[in-house]
Amino acid sequence: MSVDAATVRRIAHLARIAVADNEIEHLRGEINNMLAFVEQLNEVNVDGVEPTASVEDMKLKMREDVVNDGDYAKRVLANAPASDDGFFQVPKVVE
Amino acid sequence: MNAPTRNPKLLKGDKHDWEVVIGMEIHAQVTSNAKLFSGASTEFGGEPNSHVSLVDAAMPGMLPVINKKCVEQAVKTGLGLNAKINKKSVFDRKNYFYPDLPQGYQISQFKHPVVGEGVVTVDMQDGSSFEVGIERLHLEQDAGKSLHDQHPSMSYVDLNRSGVALMEIVSKPDMRSSDEAKAYVTKLRTILRYLGTCDGDMEKGNLRADVNVSVRKPGDALGTRCEIKNVNSIRFIGQAIEYEARRQIDILEDGGKIDQETRLFDNAKGETRSMRSKEEAHDYRYFPDPDLLPLEFDDAFVEKLKADLPELPDEKKARFVKEFGLSPYDAGVLISERETAAFFEEVAKGRDPKAAANFTINEFFGRLNKENKTIEESPISAAQLGAIVDLIADGTISGKIAKDLFEIVWEEGGDPREVVEKRGMKQVTDTGAIEKVVDDIIAKNPDKVEQVKAKPTMLGWFVGQVIKASGGKANPQAVNDILKKKLGI
């Protein structure tokens, strides 16, 4: 599997990363190298093997339905570039 | 996907009739104290960003831990939808950017949902019913809320809803008219409320629908569909479908083709319109969330939930028909809410269920609707209503007086039996007293007496006069008998 320049642009756009035209070719090479490296795994026969979710023998931990967090709007907003009256402010987005 | 033409309620076109095909994705907020993956409150209407933990705000290093109650609620709902429960399911990341989604992805379930296929039986007003297949139910996070009217150039974001658990319930394209779609949402809402897994409050946005609409010539393959996003009332669902189906038919009849797209319903204008910003094809790049292991539980977990299920609407309705001899329609009205069904059962206890049902539906529900009150807000108790039904049954008051009595008890309260006693509302069955009134009416109306001898149906006029003269208290049967005797008919 390998990607072309258009796919690199698309991935960058989906990730909202600005990529200049003169960087595309370099990135395409890097991504293709990574894909080729990972592709070696295709040589292993995994017929009948369940996908591994964790290498530890662990089950998903669950919490009880208890409210024990929150109620600190100031902390939540502490790093916001802009806020007003308890809300985050962002450049206007309207449908 | 297979979507057979069924009992089609066709829409008229210029060239031929059209069949509307509808499927729905319902987002139902899970009833829980805390959010799906954090310990912040789910309570509605807090100060902005107060019901937000650092997990919900997606601060670096925060990890999700699933709320067991939300899993139980999803499984319970699956059981209520007669659906397959998947003992192993997987959480995935659905990646997109929007200011009210701080993680940059929504934790959802894509390939392996917690609940698989099921079925809902939907009852229509005319007494017919049909089935809607359930494709799947999965758990996911709600997003935050954006406000656009607070500032000329900025949007305001409140994350209180961010991370609240939702169940997305996906139906098969099994509905064929706006009425069927409305009836399906109504039924689903009833089931969720019986189960206590979602309060179904559409005004608060706790139940909302994405509606998929397409049209076709009956028997043809499925047409291209449009998805109408986030419709938040049952009435609007109906309006959106009517508008959208007509829009698609007009395009097709003009020789055009339908673009598969996401649309919004503008309830002020009653029309749907394209969401241009989402024209770009969705590419969510789902992948399993590495922060969460698969969700697994055993049979015992499911069995325990199954054992605790309440009697569901379909079972209750069947029981009301079988045990109480009610019509399916009346039974359907009584079971529409768990609370109304319980109220009725208390009224019916030890009484004639049909009489209890009639009075409960016609007088009591009628009055609640008129005043826009819920059953919890009723000023009248089941015991008081039952006492009125008793007073009719034992002949103490007539059906007509019962309505007046109901009015008094509703407005002023009190023990119905005492009210009847104090206000002299008892039905007159004393033949002597009635005879006096009858004699009086006959004496005053010699012309009518002549008429009734030729035309016995005139008797109704006399009955009316006598009852009116008695202030509605004369027993109609006694009046009838005495009149017949005196008039010799």
Side-chain angles (χ1 to χ4, degrees), chain A residues 1 3-4 6-19 31 34-35 38 41 46 49-95, chain B residues 32-35 37-43 46-57 59 65-72 90-91 95-100 102 104 144 146-148 150-160 264 275-278 283 285 288 292-296:
Chain A
M1 187 187 174
V3 296
D4 57 15
T7 307
V8 174
R9 282 201 184 86
R10 177 163 173 73
I11 296 167
H13 173 67
L14 286 169
R16 299 296 186 273
I17 296 172
V19 176
I31 291 171
M34 283 185 254
L35 287 171
V38 175
L41 290 172
V46 291
V49 179
E50 281 263 309
T52 308
S54 167
V55 288
E56 300 282 338
D57 185 20
M58 268 176 72
K59 292 265 185 247
L60 179 67
K61 279 220 170 91
M62 297 198 189
R63 69 165 72 234
E64 293 302 315
D65 185 28
V66 177
V67 176
N68 55 15
D69 205 350
D71 225 355
Y72 42 65
K74 277 200 179 122
R75 282 177 74 197
V76 169
L77 292 164
N79 293 319
S83 66
D84 178 33
D85 207 15
F87 291 94
F88 289 93
Q89 282 181 309
V90 299
K92 197 152 215 155
V93 272
V94 192
E95 284 307 338
Chain B
S32 64
N33 298 319
K35 293 183 177 180
F37 294 115
S38 87
S41 169
T42 60
E43 202 184 317
E47 289 293 306
N49 291 305
S50 60
H51 299 160
V52 180
S53 77
L54 298 179
V55 180
D56 310 315
M59 293 297 167
V65 181
I66 197 166
N67 181 338
K68 188 177 173 191
K69 174 75 178 281
C70 296
V71 177
E72 291 171 347
V90 176
F91 285 101
N95 299 280
Y96 67 95
F97 287 107
Y98 204 74
D100 61 18
S146 310
L147 305 167
H148 305 296
Q150 312 287 306
H151 191 280
S153 60
M154 305 289 254
S155 289
Y156 280 42
V157 179
D158 173 13
L159 298 180
N160 280 352
L264 271 181
M275 290 171 72
R276 290 177 204 292
S277 63
K278 303 229 168 154
D283 186 349
R285 293 147 296 145
L292 289 159
L293 289 163
L295 171 59
E296 291 177 274

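This structure is a prediction, so every number in the text was calculated from the model and none was measured. Here is how names work: the chains are called A, B, and so on, in the same order as the sequence lines, proteins then strands, and each is numbered from 1.
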I need the minimum non-hydrogen distance between B/Y156 and A/D84, along with the two atoms involved.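 Closest heavy-atom pair between B/Y156 and A/D84: OH-OD2, 2.6 Å.
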So which atom in B/Y98 and which in B/S146 form the shortest heavy-atom distance, rounded to 0.1 Å? CE2-OG, 4.0 Å
Mind ranking [options] by heavy-atom pairs under 4.5 Å with chain A and telling me who comes out on top?
options	result
B/A34, B/P99, B/G104	B/A34
B/G46, B/C70, B/P152	B/P152
B/L159, B/V65, B/V90	B/V65
B/S32, B/A57, B/P288	B/S32

Looking at A/D69, A/V67, A/D65, A/L60, which makes the most heavy-atom pairs under 4.5 Å with chain B?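 Looking at each option in turn, the highest pair count goes to A/D65.
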Less than 4.5 Å to any heavy atom of chain B: does that hold for the side chain of [X], its backbone, both, or neither?
X	result
A/V66	backbone
A/A80	neither
A/D85	backbone

Please flag which part of [X] lies under 4.5 Å from any non-hydrogen atom of chain A: side chain, backbone, both or neither.
X	answer
B/S153	backbone
B/P102	neither
B/P294	both

Check the surroundings of atom [atom1] in [X]: do more than 12 heavy atoms from other residues, nucleotides or ligands lie under 6.0 Å from it?
X	atom1	answer
B/E47	CD	no
B/E296	CD	yes
A/K92	NZ	yes

Is there a donor-acceptor pair closer than 3.5 Å between any side-chain N or O of B/N67 and the backbone N or O of B/F37?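 The answer is no, because no donor-acceptor pair under 3.5 Å joins these two groups.
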With a 3.5 Å distance limit and no angle check, can you tell me whether B/D158 reaches the backbone of A/F87 through a side-chain donor-acceptor pair? no
I'd like to know if B/D56 and B/K35 make a salt bridge, using a cut-off of under 4.0 Å between side-chain N and carboxylate O.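 Judged by the 4.0 Å cut-off on N to carboxylate O distance, B/D56 and B/K35 do form a salt bridge.
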